[in-house]
Amino acid sequence: MKPYGKARRTGLVAGASASAIILSIGLAAPSYAQASPTAEDAAPASAPEAAGEAERTFEAVTVTGSRIARSGYESPTPLTVLGEEEISARAPANVADFVNEIPSVVGSATPATSNLSISSGTAGLNSINLRSLGANRTLVLLDGQRSVGSIITGAVDVNTFPQGLIKNVEIVTGGASAAYGSDAVSGVINFILDKEYEGFKGSVEGGQTTYGDDTGYRVNLTAGSAFGKGRGHAIFNAEITDREGIYGIPRDWNDGGNYVINNPYYTPGSGAPERLRVSNAGLSIATPGGLIVNTDLRGTYFGVGGSVNQLAYGETRDPWMVGGDWQYTQTNDKQSLHADERRKGLFGRVSWDLTDNIEVYAQASWNKHASLGWTGVQANQGNVVIQSDNAFIPESVREQLDDLGITSFRLGTTNADLPLRKTDNEREVKRYVIGAEGNFDMFQRNWNWDAYFQRGETDATVIARDITNNARLAMAQDAVFDPNTGDIICRSTLTDPNNGCIPFNRMGIGVNSQAAVDYIVGNPYRDDHFEQDVIAANIAGDLMDIWAGTVSVAAGLEHRREEVSGYVPQEYQSGWFVGNYKPSFGSYDVTEGYVEALIPLAEGLNFNGAIRGTDYSTSGFVTTWKAGLTYEPVPDILFRVTRSRDIRAPNLAELFQAGSTRTNNLVDPFNGNQVVQFRETVTGNQALDPEEADQWNLGFVLQPRYIPGLSFSADYYTIEINGSIGSVDAQTIVDRCYEGAQEYCAAIVRGQTAGGASAIESVSVSPFNFATVKARGVDLEATYRLPMDEIVDTWEGDLIFRVMGTHYLENYVNNGIDTPTDTVGQNIGDGPPDWLYRMSATYDADPWTIQLAARAISEGVYDNSFIECSTACPVSTSDNRTINNNHIDGAFYVDLSMNYRMQIGGAEVNPFFRVTNLLNEDPAIVAYGPGGSAYGSPSTNQGLYDFLGRTFRLGFRFNFN
């Protein structure tokens with residue numbers, strides 16, 4: 001082993017690569033980690049090495065959260081580590097699932113939560129969101145190096161990393177832009193590979209839920225070998241994953257008709273709440289086969305074969321009713337509870353020692369991901385105009401129309417004869433790295449260096465399947481009798497006989513031919529191509545000795561280029577219910593340099609500082625910095641504090657997105673709070689500047705010598721982001737325009753309805769540097785390792801307890817216009833709960849490893865600005881609305897994992913079994929509404945709660961060394 005070998009492959013890989021780590025020659029792992037395979041994983045990485053004989057024998061700290069690491073040093077920046085053994089004991093379907101259980105991670109995009117993202121292309125993505133500040137403020141690294149984004153926002157799909165080679169996952173929960181670069185506002189997630197692996201190993205596993213759905217399997221194979229008399233080393237990993245997903249929402253918790261609606265009896269000053277959290281509710285303005293919503297025929301709906309029926313209304317305030325035939329109008333079971341997924345991945349790396357002190361390497365990876373999911377019905381909430389001479393109107397209804405002199409009526413429908421909308425995404429990610437690293441002696445000291453070039457490419461195809469073409473549907477539904485033949489034709493065909501229009505019947509279920517459906521639906525798509533080029537070099541070493549010890553430094557340069565290009569056929573760029581994709585084109589480059597220093601000030605007192613200059617081609621030069629102190633007055637306790645200035649530059653989407661348009665619903669206060677359908681268009685803004693974040697981190701680590709095996713850490717953080725990039729949603733734009741804020745009105749385009757009234761046609765949404773984001777919280781972590789022979793002499797193994805919790809204190813956005821609302825405790829959307837916990841107890845005694853884990857979520861509310869009341873309510877306002885029930889339940893889930901180690905034919909074989917949500921707890925009910933697409937949303941927060949139910953996973957691992 002080369003002198004720098006182990007140092008290069010441990011810790012946070014010191015940022016860009018291993019050679020940016022400063023370590024002594026021949027640094028070894030602590031002996032207690034060698035004694036037990038799970039010891040390193042169980043110990044909180046945020047703490048120094050445990051006190052005791054082992055530490056005195058090997059005084060080494062290899063995990064630091066800094067580009068500088070050396071014996072006996074702990075960074076002031078908090079760090080959490082998930083080790084290989086802990087990951088294996090957990091046996092997650094993929095590593096991202098496990099990372100997303102960490103309490104400091106909340107609001108991440110997963111294949112379940114991103115299923116509805118038809119236009120944005122995020123469906124199927126597995127990204128990570130620290131502090132609920134957004135995945136774009138979390139820097140995700142692979143061996144300390146950046147990876148190309150899988151979508152235009154730059155979000156990295158963690159599933160593109162070689163799962164079988166991941167040795168550790170290190171989570172820096174604090175500002176780290178000065179040390180690691182832009183986007184590390186809320187922290188860094190670094191996935192570290194075992195580049196020294198030798199042998200052949202793999203895993204075969206599969207699982208399904210207790211309901212017999214979401215069946216999936218995964219096969220992962222890894223090989224590694226030295227060659228060339230030990231001077232070369234090669235590793236290889238291949239993976240294939242298939243997950244069937246769940247089409248529909250086949251769970252009882254979704255069947256209660258739970259929504260938030262506008263109170264039918266509310267008037268200002270009445271003392272009643274404006275909004276009601278209700279059950280047994282459904283749409284009042286749409287049925288599967290069409291519902292007449294106006295005129296004297298209101299309530300007439302069309303069923304199977306065009307049958308004519310009368311809807312039993314409950315208590316009604318459009319678009320909702322409570323009671324009556326509420327079950328008949330339900331459509332929130334027409335999504336995928338979990339999209340299906342198919343993944344394939346290959347990874348290879350070859351290294352060669354040119355000399356005893358210089359290694360060159362090359363690595364390449366290829367990943368392909370495909371996912372398909374239902375995204376719900378196409379809902380037309382009372383806005384389909386049917387002329388009274390329409391040929392498809394049943395005769396009994398036609399007679400009534402004639403008798404009443406009605407020339408047209410409005411129809412609401414959830415379009416049972418149309419196929420469900422779907423999102424079909426495919427991404428291919430390729431990444432290549434060539435580099436060199438090594439060490440040398442200078443000033444009678446050892447220095448490490450590295451340099452590398454990385455090229456990343458992503459080709460993504462985003463398809464919105466079975467989407468209606470607005471113009472064709474409008475022509476097809478306007479069907480009349482041909483005056484010459486009596487046949488049913490499109491009205492437009494009378495004047496344009498060769499237009500190819502095929503009539504479509506909006507009144508009934510099972511009343512249309514496949515040819516009629518095929519005429520009006522299509523599959524709009526967009527091809528995106530992303531490129532990322534990175535060239536970087538780093539050097540690190542001990543600079544000199546001063547009165548209190550050795551001064552260490554690290555420095556480096558990096559140049560990065562990001563580019564997006566795309567293609568959309570002209571026919572798919574406009575005119576569709578959703579999709580309406582436009583190709584995006586643009587690029588930017590950034591050059592940056594940094595210096596980091598570790599300066600001992602006194603016995604047990606160290607200063608760690610870093611400064612980085614960053615020059616963006618789009619927005620100019622910006623400086624980031626970090627200053628931190630650690631103080632260890634006695635071996636039992638360490639105090640740490642960090643102050644930093646961090647940045648996030650606007651991503652390709654925020655800068656160059658050409659515009660994606662979707663059809664959605666909003667409440668129009670200009671027209672009596674009617675629910676209207678509109679087009680929402682999102683575009684980029686090339687005038688954006690980088691966000692700037694000021695942070696404080698303050699904490700301590702306790703490892704009392706009088707309680708061997710116990711470690712505890714607590715860290716308080718506060719983050720304030722100025723010039724935050726954000727946008728106001730379409731409903732807020734309309735509400736503020738109605739209230740007189742003219743700056744909002746410019747984003748609204750209006751047209752005329754058939755009756756001549758003004759109607760909203762579209763709303764434009766663009767990002768600006770206009771907001772301030774504030775976040776505060778406390779991270780807690782504790783580990784206790786109890787040797788079982790201390791309880792009973794004959795017992796073997798260790799019992800390891802680990803608790804992680806985050807108490808979110810503040811998380812809100814102030815855009816200078818709206819009244820800021822703290823989202824902490826809002827258990828809906830991305831608002832973090834007050835508390836998130838993860839607790840585990842692991843019994844490790846060869847050959848068994850058994851882990852019982854619990855995940856807990858505190859109870860919360862729908863909106864902190866809501867006033868909960870039933871009677872004598874104050875007047876509801878747009879800033880403080882009144883509601884009868886603002887409560888959302890918390891949750892407590894128990895998971896069980898069992899692993900068994902045995903030897904078969906020279907191989908270590910490890911069968912494992914895992915049950916997630918052992919007690920099959922239903923998720924908390926989260927009711928959506930009153931506007932938007934609440935009618936189609938499952939009744940829970942899929943980004944927060946366990947919604948699949950009890951899930952089983954069975955498999956085995958093998959390892960030939």
Side-chain angles (χ1 to χ4, degrees), residues 11-12 43-51 61 63-66 68-69 72-82 102-106 130-133 138 170-180 184-190 598 601 604-610 625-646 693-704 707 710-720 774-784 802-811 824 832 834-838:
L12 190 59
S46 55
E49 300 303 321
V61 176
V63 176
T64 70
S66 164
I68 296 176
Y73 169 63
E74 178 75 10
S75 166
T77 305
L79 180 72
T80 296
V81 170
L82 304 178
I102 304 304
S104 57
V105 177
V106 62
L130 271 171
R131 305 291 190 214
S132 191
L133 290 174
T138 302
E170 299 183 352
I171 305 168
V172 179
T173 51
S177 294
Y180 299 104
V185 172
S186 55
V188 177
I189 311 287
N190 189 26
L598 168 62
L601 303 178
L605 179 64
N606 292 288
F607 169 81
N608 177 226
W625 52 268
K626 176 186 74 171
L629 290 171
T630 61
Y631 179 51
E632 190 175 15
V634 294
D636 304 69
I637 189 167
L638 178 141
F639 298 97
R640 56 192 177 195
V641 60
T642 305
R643 177 73 167 88
S644 65
R645 165 67 58 85
D646 302 282
D694 293 317
Q695 300 200 39
W696 280 97
N697 285 275
L698 178 65
F700 69 91
V701 181
L702 180 65
Q703 290 184 306
I707 309 179
L710 175 65
S711 299
F712 174 80
S713 66
D715 291 278
Y716 168 82
Y717 69 89
T718 176
I719 305 171
E720 181 172 343
K774 293 183 179 181
R776 294 187 299 117
V778 177
D779 292 324
L780 303 172
E781 184 171 348
T783 297
Y784 181 55
R802 187 172 189 181
V803 179
M804 291 181 283
T806 295
H807 181 24
Y808 292 91
L809 298 172
E810 185 177 28
N811 194 311
V824 169
D834 285 321
W835 280 95
L836 282 174
Y837 311 87
R838 184 182 186 275

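Residue numbers count from 1 along this sequence.
The two residues Pro704 and Asp636 have their closest heavy-atom pair at CA-OD2, 3.4 Å. When all heavy atoms of Gly699 and Asp715 are compared, the closest pair comes out as CA-OD1, 3.4 Å. The two residues Val824 and Asp834 make their nearest non-hydrogen contact at CG1-OD1, 3.2 Å. Scanning all heavy atoms of the two residues, the minimum distance from Val188 to Leu130 falls at N-CD1, 4.0 Å. When all heavy atoms of Asp646 and Ala178 are compared, the closest pair comes out as OD1-N, 4.2 Å. Heavy atoms only, all atoms of each residue included: Met804 and Pro103 are closest at O-CG, 3.3 Å.
A side chain to side chain contact (heavy atoms under 4.5 Å, CB included) with Ser713 is found for one member of Leu780, Val701, Asp779, Leu79 and no other, namely Val701.
Taking the six-membered ring where the residue is Trp, Phe639 and Tyr631 present parallel rings, their angle staying beneath 30° rather than reaching 60°.
Once rounded to the nearest 0.5 Å, the distance linking CD1 of Ile637 with CG of Leu702 reads 5.5 Å. Between atom OG of residue Ser711 and atom OH of residue Tyr784 there is a gap of 11.0 Å, rounded to the nearest 0.5 Å. Note: Thr80 OG1 to Glu170 CD = 10.0 Å, rounded to the nearest 0.5 Å. Between Arg776 atom CZ and His807 atom NE2 the span is 9.0 Å, to the nearest 0.5 Å. The structure places CZ of Phe700 at 5.0 Å from CZ of Phe712, a figure rounded to the nearest 0.5 Å. Of the inter-residue distances, the one linking Arg802 atom CZ with Thr783 atom OG1 reads 5.0 Å to the nearest 0.5 angstrom.
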Inset, instruction - Using the side-chain contact (heavy atoms from CB on, under 4.5 Å) rule, take Arg640 and Asn697 through it: C-alpha gap first, then chi angles, then the decisive distance, then the call. - result: CA-CA 8 Å; Arg640 56 192 177 195; Asn697 285 275; over 6 Å; no
Legend entry - Step-by-step side-chain contact (heavy atoms from CB on, under 4.5 Å) determination, Leu836 to Val106: CA-CA 9 Å; Leu836 282 174; Val106 62; 3.9 Å; yes
Legend entry - Criterion side-chain contact (heavy atoms from CB on, under 4.5 Å) on Thr642 and Gln695, from CA distance to verdict: CA-CA 8 Å; Thr642 305; Gln695 300 200 39; over 6 Å; no
Inset, instruction - Would you sort out whether Asn606 and Leu598 count as a side-chain contact (heavy atoms from CB on, under 4.5 Å), showing the intermediate values? - result: CA-CA 7 Å; Asn606 292 288; Leu598 168 62; 3.9 Å; yes
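Side-chain atoms of Asn811 come within 3.5 Å of backbone atoms of Arg131 as a donor-acceptor pair (strictly under, hydrogens ignored).
The side-chain heavy atoms of Thr138 and Val105, taken from C-beta on, include no pair separated by under 4.5 Å.
Counting only N and O atoms by type, the side chains of Ser104 and Thr806 include no donor and acceptor under 3.5 Å apart.
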